[in-house]
Structure formats: structure tokens, C-alpha cells
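Read the structure below first, then the notes.
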Amino acid sequence: DGGITQSPKYLFRKEGQNVTLSCEQNLNHDAMYWYRQDPGQGLRLIYYSQIVNDFQKGDIAEGYSVSREKKESFPLTVTSAQKNPTAFYLCASGQRGGGTDTQYFGPGTRLTVL
Amino acid sequence: AQSVTQLDSQVPVFEEAPVELRCNYSSSVSVYLFWYVQYPNQGLQLLLKYLSGSTLVKGINGFEAEFNKSQTSFHLRKPSVHISDTAEYFCAGSGYAGNMLTFGGGTRLMVKP
């Protein structure tokens with residue numbers, strides 16, 4: 001089955017630790033995205049990538065980092081510099097990227113900082 | 001940049017009643033609009049989208065939306081809801097083909113028996 005997988009589903013982190021969230025897609029899509037979801041605020045774009053080895057900051061990139069070494073993978077690292085990392089993180093992919101593209105979402109990772 | 005506003009954070013409705021979820025967008029030269037649905041603890045899936053052409057767009061699960069340029073709105077409607085429609089609904093838009101999507105704050109639809 002084609003789709004997007006995210007792991008882990010739940011993640012707990014101590015303050016001061018970096019953690020990496022996994023996102024893999026087998027849809028052969030060029031574009032991949034990371035969003036953060038907080039209650040009542042909708043989705044906010046963290047980073048996106050439209051081609052391998054290239055990525056762009058979204059609206060709330062501070063305290064996060066990404067890499068795009070392979071077309072199918074777009075991991076997100078939440079660093080200790082992120083002041084309020086507890087949230088639901090969603091990864092998505094799109095065929096081409098851009099405003100007309102339908103985005104396909106993974107099931108999400110819920111990160112809690114203890 | 002495009003901005004998208006969902007006017008209601010929660011909409012309670014009885015089963016088999018009609019429902020309208022409201023979405024307004026900031027105007028731009030061209031506009032592309034989407035509605036996504038999110039079931040509890042899951043990712044989002046596309047309900048429908050407007051890119052061009054007919055202003056009445058039909059989507060999955062019996063939902064439809066109407067693009068209204070004069071009112072800068074893209075409201076989502078369903079004539080008769082089911083318990084299974086209980087979910088959070090997001091309106092999203094972009095101003096031109098090269099731009100990223102901007103999401104509204106979401107509307108929680110609660111269908112009661």
C-alpha cells in the first residue's frame with residue numbers, strides 16, 4: 001500500500017534533549033512537509049522540501065532542523081532550543097509542491113516534554 | 001500571503017440535520033482552496049478542493065463546498081450528517097501556484113444522536 005508513515009506514534013522527551021521524528025513516504029512524491037498542530041491553532045508549517053538535498057523554512061522553523069538526503073525520507077529534529085515542543089507533529093507529501101498540490105498526511109507523532 | 005479564517009471553533013448538530021462549516025479567505029489574484037478532515041489522533045485527508053472552473057465542488061462522504069469570490073468564502077456543507085462525520089475540519093488556501101498552504105484554525109463538528 002502507498003502512503004506516509006510516521007514514527008513513533010508517541011514520544012516523550014526530557015527538557016534539554018534533542019529528538020528526531022521519522023517520516024517516510026512511498027508515493028514517489030517530490031515535496032514533503034512538516035507541520036505542528038496545537039489545539040485551536042490549526043496547522044503551522046515548520047519546514048518543507050520540494051527536492052532532494054534542498055529544504056526551506058516555514059513559518060515556525062526556530063528550534064527545529066530537517067534533512068532530505070533521500071526522496072522518500074524527511075526526518076525532523078526537535079532541538080533543545082525549541083521552547084515549547086509539546087505538540088502533535090504531522091508530516092505530509094505532495095506530488096510537485098506548491099499551492100495547487102493535494103497534500104497527503106501521515107498519522108502524526110505526539111511529542112510530550114516531561 | 002493568503003490568510004484563512006474559520007469562523008466557528010465548534011459546531012454541534014444532531015444526526016441527519018444539515019450542516020455548514022464556514023471559511024473565509026483573504027482575496028488575492030488567484031486562489032486555490034481546500035477542505036481537509038481529521039479524525040481523532042489521525043492525520044488529515046482531503047475532502048475536496050477548488051482550483052478553477054465550477055464554483056460548486058463536490059467531495060467525498062457527501063460533502064460539497066461553494067467558492068464565492070464576492071464574499072471571499074468557501075463554506076462546506078452536507079445535507080444530512082452522520083455520527084461518523086464527527087471530526088475536525090480544516091479549510092486551507094494558497095494565493096498562487098508557487099505558494100505554500102495556509103490553514104485555518106479548524107472547526108470541530110460534533111454530531112449528536
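Just so it is clear: chains get the letters A, B, ... in the order the sequence lines come, proteins before strands, and each one is counted from 1.
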Item to complete: Please state whether the side chain, the backbone, both or neither of B/Leu51 comes within less than 4.5 Å of a heavy atom of chain A.
Response: side chain
Worksheet item: Using non-hydrogen atoms only, which part of A/Gln56 is less than 4.5 Å away from chain B: side chain, backbone, both, or neither?
Response: neither
Discussion item. Between A/Asp38 (side chain only) and A/Gln41 (backbone N and O only), is there a donor and an acceptor less than 3.5 Å apart?
Written reply: no
Fill in: B/Phe34 six-ring face occupied by B/Lys49 cation (under 6.0 Å, within 45°)
no
Worksheet, complete the sentence: Turns out that what part of A/Leu43 lies under 4.5 Å from chain B's heavy atoms comes down to both
Worksheet, complete the sentence: Rounded to the nearest 0.5 Å, the OG atom of B/Ser73 sits from the OH atom of B/Tyr25 at a distance of 7.0 Å
Response to the item:
When the 4.5 angstrom heavy-atom criterion is applied to B/Gln42 and chain A, the contacting part is backbone
Response to the item:
Okay, B/Gln38 and chain A: the region with an atom under 4.5 Å from a heavy atom over there is side chain
Worksheet item: So what's closer than 4.5 Å to chain B heavy atoms on A/Gln6: side chain, backbone, both or neither?
Response: neither
Worksheet item: If you take all heavy atoms of A/Ala61 and A/Ile46, which pair is closest and at what distance?
Response: CB-O, 3.6 Å
Discussion item. Using heavy-atom distances under 4.5 Å, tell me whether A/Tyr48 contacts chain B through its side chain, its backbone, both, or neither.
Written reply: side chain
Discussion item. Between A/Phe74 and A/Phe55, does the ring-ring contact (aromatic ring centres under 6.0 Å, His included) criterion hold? Intermediate values first, please.
Written reply: CA-CA 10 Å; A/Phe74 192 42; A/Phe55 47 83; 7.1 Å; no
Response to the item:
Bottom line for A/Asp101: the part with an atom under 4.5 Å from chain B's heavy atoms is backbone
Fill in: A/Phe88 six-ring centre to A/Arg110 NZ/CZ under 6.0 Å and within 45° of normal
yes
